[in-house]
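Everything below concerns the one structure shown next.
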Amino acid sequence: MERTSKVMPVSQAIQRFMPDTCDTLAVGGMHMHNNPMALIREVIRQQKKVKRLVTSPSACINADLMIGSGLVEEILTAYVGFEHLGLAPNFRKAVEKKTIKLLEADEPFLVYGLQAGAGGLPFIPYPKGLELTDIPKVNPDLYRFTTDPYTGEEVMTAAPIKPSVALIHCQEADPYGNAIFKGSEFTDRQMIFASDVVILQVETIVPNLAEKYGSTKVNVPGFLISAVVEAPFGCHPTSSHGYYTFDEAHLKSYLKSCKNPEAYGEYFQQYVTGISEKEYSGKIGLDKLNAMRQKGDVSFYD
Amino acid sequence: MERTSKVMPVSQAIQRFMPDTCDTLAVGGMHMHNNPMALIREVIRQQKKVKRLVTSPSACINADLMIGSGLVEEILTAYVGFEHLGLAPNFRKAVEKKTIKLLEADEPFLVYGLQAGAGGLPFIPYPKGLELTDIPKVNPDLYRFTTDPYTGEEVMTAAPIKPSVALIHCQEADPYGNAIFKGSEFTDRQMIFASDVVILQVETIVPNLAEKYGSTKVNVPGFLISAVVEAPFGCHPTSSHGYYTFDEAHLKSYLKSCKNPEAYGEYFQQYVTGISEKEYSGKIGLDKLNAMRQKGDVSFYD
Amino acid sequence: MIENAYSIAELMACVMARNLEDGEVAVMGAVSMIPMAACRMSQLTHAPNLSYISGGSGAVNPFLDPLVFSSCDEENLRSEAALALPDVILLEGHGKRFDVFFGGGLQIDQYGNCNLICIGDWKNPSLRGPGTVGLPFLPRSGRVIIYTTSHNARTLIEKVDFNSGPGFLDGPESWASKNLPGNGPALVVTPLCALDFDEETKIMRLKSLHPGVTVDQVVESTGFKLVIPNSVPTTPEPTQIELEALRRVDPSGIVRNLL
Amino acid sequence: MIENAYSIAELMACVMARNLEDGEVAVMGAVSMIPMAACRMSQLTHAPNLSYISGGSGAVNPFLDPLVFSSCDEENLRSEAALALPDVILLEGHGKRFDVFFGGGLQIDQYGNCNLICIGDWKNPSLRGPGTVGLPFLPRSGRVIIYTTSHNARTLIEKVDFNSGPGFLDGPESWASKNLPGNGPALVVTPLCALDFDEETKIMRLKSLHPGVTVDQVVESTGFKLVIPNSVPTTPEPTQIELEALRRVDPSGIVRNLL
């Protein structure tokens with residue numbers, strides 16, 4: 001008998017593994033790095049609806065583009081922004097105009113919640129002092145309180161997060177879904193462990209990944225992965241650690257386009273809905289993309 | 001100004017960083033692998049007392065030798081044994097004769113407890129179903145119950161573990177304590193994160209560790225480490241992943257020596273109290289030690 | 001040419017392997033040479049998409065050519081992937097990650113509860129065992145395959161002195177009332193026979209007798225009243241294909257010479 | 001030769017660096033170019049044993065030659081060690097791991113509480129901010145260094161609209177009653193001045209005026225009543241040694257050209 005490859009085109013992966021209305025969708029990547037943009041653009045093309053979007057502790061265009069597409073009903077996040085480039089325009093607008101429901105969280109909530117989801121833990125109690133922000137007051141469904149049975153004190157808790165689907169970028173995977181993060185993992189590996197279905201996009205498929213890097217570097221086990229999509233430059237305009245840096249000019253042009261609906265519609269038409277994911281890198285220009293490849297000694301991360 | 005090296009001889013590290021009576025001592029290593037034996041033998045030589053010994057989910061000669069030395073008042077563990085070589089004689093004897101207090105635990109208790117200790121979490125609630133063993137009945141101090149604020153159900157909890165000192169083996173470190181595990185980490189890295197003081201023994205000190213392996217492989221940050229001891233073959237008779245395998249013949253001779261007090265006394269005299277740690281490898285024989293070096297392609301783990 | 005004579009431990013590995021299905025995920029703890037061999041040989045025969053994690057090493061799908069004694073041996077890391085132990089604990093706690101958990105004990109009772117803690121009273125044990133490690137996760141695993149290399153009335157007893165690896169607890173009512181994510185013990189493999197559990201009573205039931213073993217022999221070697229069906233088949237001997245796979249996995253005969 | 005003219009952001013980096021002691025451990029989040037430069041320059045001058053973690057990248061002691069904009073940039077991983085983000089969260093929760101936590105906000109109030117969530121009512125904000133990320137850990141850090149590049153009466157206000165990064169809460173009584181592991185806010189660095197907190201009232205206090213800035217200017221730019229000592233010194237200008245270190249860290253002038 002032959003082992004079954006999990007490699008498939010992006011359109012098939014989203015069609016097959018993402019329901020038309022997704023209860024909880026987790027998107028990987030942090031700030032302008034490792035955002036699984038090839039998968040996200042395809043989700044928008046296929047107009048899959050998302051009841052709850054969960055992000056890493058710092059989301060960027062991954063969340064902002066999905067919110068801009070109008071497919072997201074509510075968002076659980078601790079930050080959506082563009083770091084030194086400014087606020088996230090669609091997130092900001094949607095919250096201010098109340099077209100999205102915001103589940104306000106802090107960074108540890110997302111980390112604790114994903115860990116609880118991954119490990120079957122009923123919740124995670126917070127360290128003392130973190131209950132002092134105003135967040136538990138505005139998110140009483142998810143932030144609750146119980147008794148520390150060792151001290152008798154009241155402690156705040158984070159609810160488990162169990163995404164139905166996670167969209168994650170890894171730099172490399174083998175055909176069975178075993179995968180590596182060349183640089184930072186952020187909370188992406190936790191999302192993989194906590195989610196029912198994981199769709200992975202990678203820069204390159206490497207048949208003998210563990211031989212290339214050593215098995216201890218391959219810390220995403222294939223049995224957690226449903227589909228592997230080869231998507232070179234699939235994080236653009238964000239970076240892929242160890243492969244290429246982020247496209248600051250493109251991000252700025254995105255931010256600018258958000259200032260009026262026509263320009264945003266044009267951006268959408270040009271880069272998302274008007275083209276297939278296959279055409280995307282051609283649209284950006286392969287010369288330009290290659291120029292963003294990590295200039296330094298990337299072997300440093302190997 | 002110059003940066004301060006943390007490298008020192010084993011005798012100095014134990015003298016300086018381990019109190020004469022240690023509240024909670026964590027010893028790293030799992031089964032017959034990565035046991036920090038050079039440090040443990042020195043602790044016994046210096047007759048440091050241990051109020052509570054905490055082990056990985058599967059301890060071996062690291063715990064058994066310390067118990068045999070009579071320095072341990074109580075032990076928190078989920079297993080002390082010699083895997084395919086049989087039971088742990090001193091542990092078994094001490095529990096059966098009640099010369100040690102046993103805090104019975106399971107594997108998740110140690111993992112959850114260390115994580116809580118590392119992260120300042122008041123406790124970790126167990127997944128449902130793990131309360132069905134008889135362990136919580138015999139360890140009610142550490143296994144307690146509280147209310148899941150999301151379901152109202154009762155859940156079992158693991159208490160935080162915060163060792164005062166941890167003795168850990170890493171394969172390599174730089175002079176500032178940044179260190180790597182070449183193979184499995186077991187719960188050693190968690191012990192490092194949970195403990196107040198960490199004494200590290202390593203096979204080799206490598207000045208530019210992050211350049212050698214890539215920084216993402218160096219996942220022990222130096223600021224958590226109090227002392228670095230260079231101890232080649234310092235895990236003997238257990239293995240050091242990526243360096244050498246375990247000495248089955250020696251382990252068997254240890255087990256045999258435990259059958260009568262004279263033979264055990266002789267073992268102690270010959271390998272522990274009667275010699276300095278510097279003399280240990282000579283006692284075993286460098287030819288023999290070198291023959292145990294990992295024969296295969298260790299670069300697989302690089 | 002493979003020698004056709006096989007050892008009892010090899011037969012046990014084959015019985016386990018036949019229970020593993022393609023695409024499943026299995027996990028095992030210490031002293032698991034037989035389950036490790038069973039998983040690896042299954043990948044080479046009928047279950048190329050089977051995944052397994054070798055205990056404390058965190059290794060995912062060790063290539064294990066050859067098999068090794070220790071579940072934490074670095075040789076396990078010649079594998080497809082490797083996880084830190086806390087990650088394995090997350091997977092074990094999740095409740096839907098593992099289809100199969102291999103368990104065992106100093107004592108195994110009629111409801112498949114396992115005991116790795118002690119013989120006699122915990123406070124005053126006649127034998128102190130090593131400790132339970134990960135067995136408390138059994139109720140959160142798809143199904144449990146229990147194995148022992150000692151089929152006798154001291155090991156297979158009516159009720160464990162200490163429950164450190166829950167099976168069907170005190171029987172069908174107590175099991176049903178807990179509403180657990182796992183399906184409980186499914187198979188017991190011993191040097192004498194294979195056993196499963198009666199659907200209604202949840203009591204251990206003779207499933208097949210290893211070649212040359214009689215029902216009486218099993219009954220005499222068991223410390224409680226087994227469910228014995230009217231007709232009990234003989235455990236099929238290892239096939240040529242199974243033996244070839246097994247000996248490729250275990251050329252030095254670790255499993256072969258175990259019993 | 002280093003050009004002696006310095007920018008205000010460079011002076012801010014020097015003020016922070018002077019507050020860092022040898023052997024301490026510091027951590028910072030997003031948009032932290034000034035704190036990152038301050039830490040790195042301190043390592044090159046008076047604090048070779050200082051350690052710092054660059055936010056979400058998990059990088060420990062990035063070499064940062066040159067400095068980069070993004071706290072999660074892969075360039076941070078040219079470092080001594082690197083941690084997965086959940087490990088950084090463990091360290092932040094521990095309560096004794098970090099001597100210094102760099103914080104900030106859309107609003108910072110008289111007690112050093114920070115707000116990265118919104119201006120106005122949370123349900124009906126006039127400005128939605130990005131979110132608070134790791135600021136809730138402030139009460140578990142040794143001391144907090146707050147910084148802002150906008151010293152005005154909208155940023156420095158009497159009470160934050162939303163507390164997302166606790167400082168001295170509602171003042172000395174509420175702070176003392178909580179018995180927290182951290183020591184609270186210690187230093188505030190703005191383009192106009194450095195501030196600390198009055199030991200008794202826990203209200204922000206003018207500590208030093210940057211060259212050319214007057215007390216009146218600070219008072220006018222602050223939305224609450226600062227504690228003003230009788231005599232306020234001038235912030236010492238960057239020394240030659242400081243500027244050399246800073247420009248070695250930041251040759252492309254990321255900090256220099258920030259303000």
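Residue numbering restarts at 1 for every chain, and letters A, B, ... go by the order of the sequence lines.
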Worksheet entry | Parallel, tilted or perpendicular: ring planes of B:Phe123 versus A:Phe123, cut at 30 and 60 degrees | perpendicular
Fill in: B:His33 and B:Phe246 aromatic ring geometry - parallel, tilted or perpendicular at 30°/60° bounds
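Ring orientation of B:Phe246 relative to B:His33: perpendicular.
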Practice prompt. Could you check which of B:Pro127, B:Gly120, B:Pro149 has the highest count of heavy-atom pairs closer than 4.5 Å to chain A?
Written response: B:Pro149
Discussion item. Going by side-chain contact (heavy atoms from CB on, under 4.5 Å), A:Leu114 matches just one of A:Ile124, A:Ile161, A:Asp188. Which one?
Written reply: A:Ile161
Practice prompt. Test B:Lys212 against B:Lys217 for side chain to side chain contact (heavy atoms under 4.5 Å, CB included), laying out the working first.
Written response: CA-CA 10 Å; B:Lys212 182 176 173 189; B:Lys217 176 75 181 165; over 6 Å; no
Worksheet item: Relative to chain B, which of A:Asp141, A:Leu142, A:Thr151, A:Leu130 shows the most heavy atom pairs under 4.5 Å?
Response: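 Ranked by contacts with chain B, first place is A:Leu142.
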Worksheet item: Based on non-hydrogen pairs under 4.5 Å, which of A:Lys128, A:Arg144, A:Glu185, A:Glu153 is most in contact with chain B?
Response: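 That would be A:Arg144.
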Worksheet item: Considering only heavy atoms, which portion of A:Tyr112 lies under 4.5 Å from any heavy atom of chain B: side chain, backbone, both, or neither?
Response: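 For A:Tyr112, side-chain heavy atoms alone lie under 4.5 Å from chain B.
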Worksheet item: Given that the side chain runs from C-beta out, which part of A:Tyr126 has a heavy atom under 4.5 Å from chain B: side chain, backbone, both or neither?
Response: backbone
Item to complete: Give the C-alpha distance, both sets of side-chain angles, the deciding distance and a yes or no for side chain to side chain contact (heavy atoms under 4.5 Å, CB included) between A:Leu209 and A:Glu172.
Response: CA-CA 8 Å; A:Leu209 194 64; A:Glu172 298 173 19; 3.8 Å; yes
